[in-house]
Structure formats: structure tokens, C-alpha cells
Amino acid sequence: MAAAFEEQRGRLQAVAYRMLGSRSDAEDAVQEAWLRLARLDAGGIDNLAGWLTTVVGRVCIDQLRSRRAKPETSYEEQLPEMVVTEDDTEGPEDAALLADSIGPALLVVLDTLGPAERLAFVLHDMFAVPFEDIGQIVGRSTDASKMLASRARRKVQGPHHSTAERRQQRAVVDAFLAAARKGDFEELLRLLDPDVTWRTRTAHGVTVRLGATEVAAHAERGARARATAQRVLVNGEPGVVAWSAGGRPLGVLACTVVDGRIVEIRSMRDPDQLAAMNLPRPRG
């Protein structure tokens, strides 16, 4: 039974992460499914994958409803969780990782959906679960589940980028980093949207910088630090991990590129959170 569950774990965590937007919460939801399975006679379950999806879906709905009952921190005061993967979009394994990641913009939009809407959209549009099965999870009819997903779909505008678009986005980020290292202020301004926002998580909280001039100046100052930069994907978007000479992670940076300009930068510099992240090993 444990082996059968482990075969499903990756898919279940992907479902739970898209539902909850937090890796730790997703792991808790999957663990709860395992605990419930361990208390049952698995021989009586005809479709283990479907049963586990149902349990994880219901656990996620309960968590989302619990969140709505409590005061929430606004997006201005937080950063979406960063999932860092190797930046090699040519490889099929990393393409799968990119497909499994979720952009911060989509997380923000998903948070505007009701729990049932969110589950219907995630399970059907992202994991091709039939509406009949979704209806059993949320306690609605098949037609009602279709309406939930349709309503959610109208609210969600998650971008799906081609390989060529990803390369163009990476080129913009690479040019931005190169300009910062050279101290080319005019080039930085050209690459930044005038209303760009840079949010940084430190050990003391989140700092926010607004506007191309302020962001360009901060990028110039940061580029003076002696660090080794490594290309990565952060939630499927082009990013960088910076390492000290001794191999200690100094920070993670991710950029959102729209129409050839960077519109948002998010960075993590909290040592405790960096240590807890599953970062790729430094190369070289």
C-alpha cells in the first residue's frame, strides 16, 4: 500500500500545491491523505488514484475555507512561495517541472476564487479530472461542477508561454543582469517597465521598491556584491540564484516579463527561508 501511495505522491502534491499555493500546506494535505488511507482496508478501494484525489481535494477545500474565516495578509505584504528548478527548457524533465510549477500571477488570481470554484478549475483544467468525479468531491451535480469551472475559467487568465516566448523572457532578464553588472543605467531603464515593482523578503520582512529609476539604482548596487549567479526558473519564470564563494545561497530573484520589459521582480534574502528551499546545487 505504501508503494502504491508513493506512486501517486508527486501528482497529489501538484494538485494540492495548485489548490493551496504553499508547498508546506500541500505536503500536509498529502500526508493527511496517507493517514486516512493507512486507517482503511486498501483492498476495498477500486480506484486508488481517484480515492486519493478525492481525499486531497476535500482536505484542500477545508483548508481554503479555514483561511477565509481568518484575517489574511495582503499581497502587498507577502511574497508567493518560490519553487526553484533548473533552467534547461530544452530537457523533457525540466519541461515537466515547468508545467508543474505555477506562476505568482496565477496564484493571486486563484486566491480570488471560492474553494469549490478553485477545485473545479484546478482538477479539470490542469489535471483533466472528469466533472462527474469533481461533483462527488464538492458535493454538486456534474452540471453544477461544469458551471463552477466555467466561472473560474473566466476569472483566470494564466499565461501559457511557448518555448520561444520563454527564451525571449530569459534574454530580457539576462540583459538586465548584464546591464546591472556593467552599471549601464540607461540600459536598465530601457529594460524596466516604468511602473515596475521589486519586492524583497528579508529576515526583517518585505521591502518594496517602486518605479524604474529606484529599481535600476537598487540593481546597480546589488550587482557590486561578489557572488556567483546561476540561472534558474522560479515558479516557471526566469530567475537567478546567487551564491557566496563558499557555496552559501545569498538570494533568489525572479522576474516577470511582459512585452519585452520587466514588470515585476521578486527576491528572497531571508537566510532561514533560503536554507529551507530546495535549491539546485551550484555549478562549477
Side-chain angles (χ1 to χ4, degrees), residues 1-67 80-86 88 91-103 106-107 110-111 115-140 142 145 148-149 232-236 241 249 252 272-281:
M1 183 170 65
F5 178 81
E6 287 302 320
E7 291 179 359
Q8 299 291 327
R9 182 185 289 275
R11 182 183 62 83
L12 295 173
Q13 287 184 336
V15 170
Y17 178 58
R18 281 179 164 87
M19 283 292 297
L20 301 172
S22 163
R23 180 187 295 173
S24 60
D25 288 349
E27 290 175 348
D28 288 345
V30 173
Q31 183 64 18
E32 175 62 23
W34 162 248
L35 293 175
R36 295 187 187 186
L37 177 64
R39 293 194 293 263
L40 296 176
D41 177 10
I45 302 175
D46 295 328
N47 181 355
L48 181 61
W51 187 90
L52 289 169
T53 301
T54 297
V55 172
V56 168
R58 288 175 178 168
V59 170
C60 289
I61 282 184
D62 289 342
Q63 287 199 31
L64 290 172
R65 287 171 176 163
S66 176
R67 286 181 188 176
E81 185 170 347
M82 291 181 164
V83 178
V84 180
T85 56
E86 296 279 1
D88 181 10
E93 180 180 354
D94 288 316
L97 288 172
L98 180 62
D100 282 342
S101 66
I102 183 169
L106 181 54
L107 274 176
L110 286 178
D111 279 339
E117 283 182 332
R118 185 163 178 160
L119 183 136
F121 173 78
V122 167
L123 290 186
H124 183 267
D125 286 40
M126 297 183 180
F127 293 92
V129 175
F131 284 118
E132 182 179 357
D133 296 344
I134 294 172
Q136 294 176 4
I137 297 174
V138 298
R140 308 279 183 92
T142 300
S145 298
L148 285 172
V232 293
L233 293 172
V234 183
N235 297 338
V241 176
V252 174
D272 291 338
Q273 295 202 34
L274 286 171
M277 295 171 69
N278 185 25
L279 297 176
R281 293 181 179 274

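Considering OG1 of Thr53 and CD1 of Ile137, their distance stands at 6.5 Å, rounded to 0.5 Å. A distance of 10.5 Å separates NE2 of His124 from CG of Asp133, quoted to the nearest 0.5 Å. For the atom pair CD (Gln63) and CG (Leu20), the distance works out to 5.0 Å, reported to the nearest 0.5 Å. Atom CZ of Phe127 and atom CG of Leu12 lie 9.0 Å apart (nearest 0.5 Å). Between atom CG of residue Leu35 and atom CD of residue Glu32 there is a gap of 5.5 Å, rounded to the nearest 0.5 Å.
Under the 4.5 Å side-chain criterion, counting only non-hydrogen atoms from C-beta, Arg36 is in contact with Trp51. Between Leu48 and Leu37 the shortest side-chain heavy-atom distance falls below 4.5 Å.
Of all heavy-atom pairs spanning Ala29 and Val56, the tightest one is O-CG2, 4.3 Å. Contact detail for Gln13 and Glu27: the closest heavy-atom pair is NE2-CG, 3.7 Å. The two residues Ile61 and Val138 make their nearest non-hydrogen contact at CD1-CG1, 3.8 Å. When all heavy atoms of Ile134 and Ser145 are compared, the closest pair comes out as C-OG, 3.9 Å. Leu148 and Ala116 make their closest contact through CD1-CB, 3.9 Å (heavy atoms, listed as atom of the first residue, atom of the second, distance). Contact detail for Arg65 and Pro115: the closest heavy-atom pair is CG-CG, 3.7 Å.
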Name each donor-acceptor pair under 3.5 Å that joins a side chain in residues 3-10 to protein atoms two or more places apart or in another chain, with its distance.
unit_1, atom_1, unit_2, atom_2, d
Glu6, OE1, Arg9, NE, 3.0
Glu6, OE2, Arg9, NE, 3.2
Glu6, OE2, Arg9, NH2, 2.9
Gln8, OE1, Arg11, NE, 3.1
Gln8, OE1, Arg11, NH2, 2.8

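Residues passing the side chain to side chain donor-acceptor pair (under 3.5 Å) test with Thr54, sequence neighbours excluded: none. A search for side-chain contact (heavy atoms from CB on, under 4.5 Å) contacts involving Ala26 returns Ala16, Tyr17, not counting sequence neighbours.
In Glu132, the CD atom is not crowded: 12 or fewer heavy atoms of neighbouring residues, nucleotides or ligands sit closer than 6.0 Å.
With hydrogens and angles ignored, the 3.5 Å screen pairs no side-chain donor or acceptor of Arg140 with any backbone N or O of Gly135.
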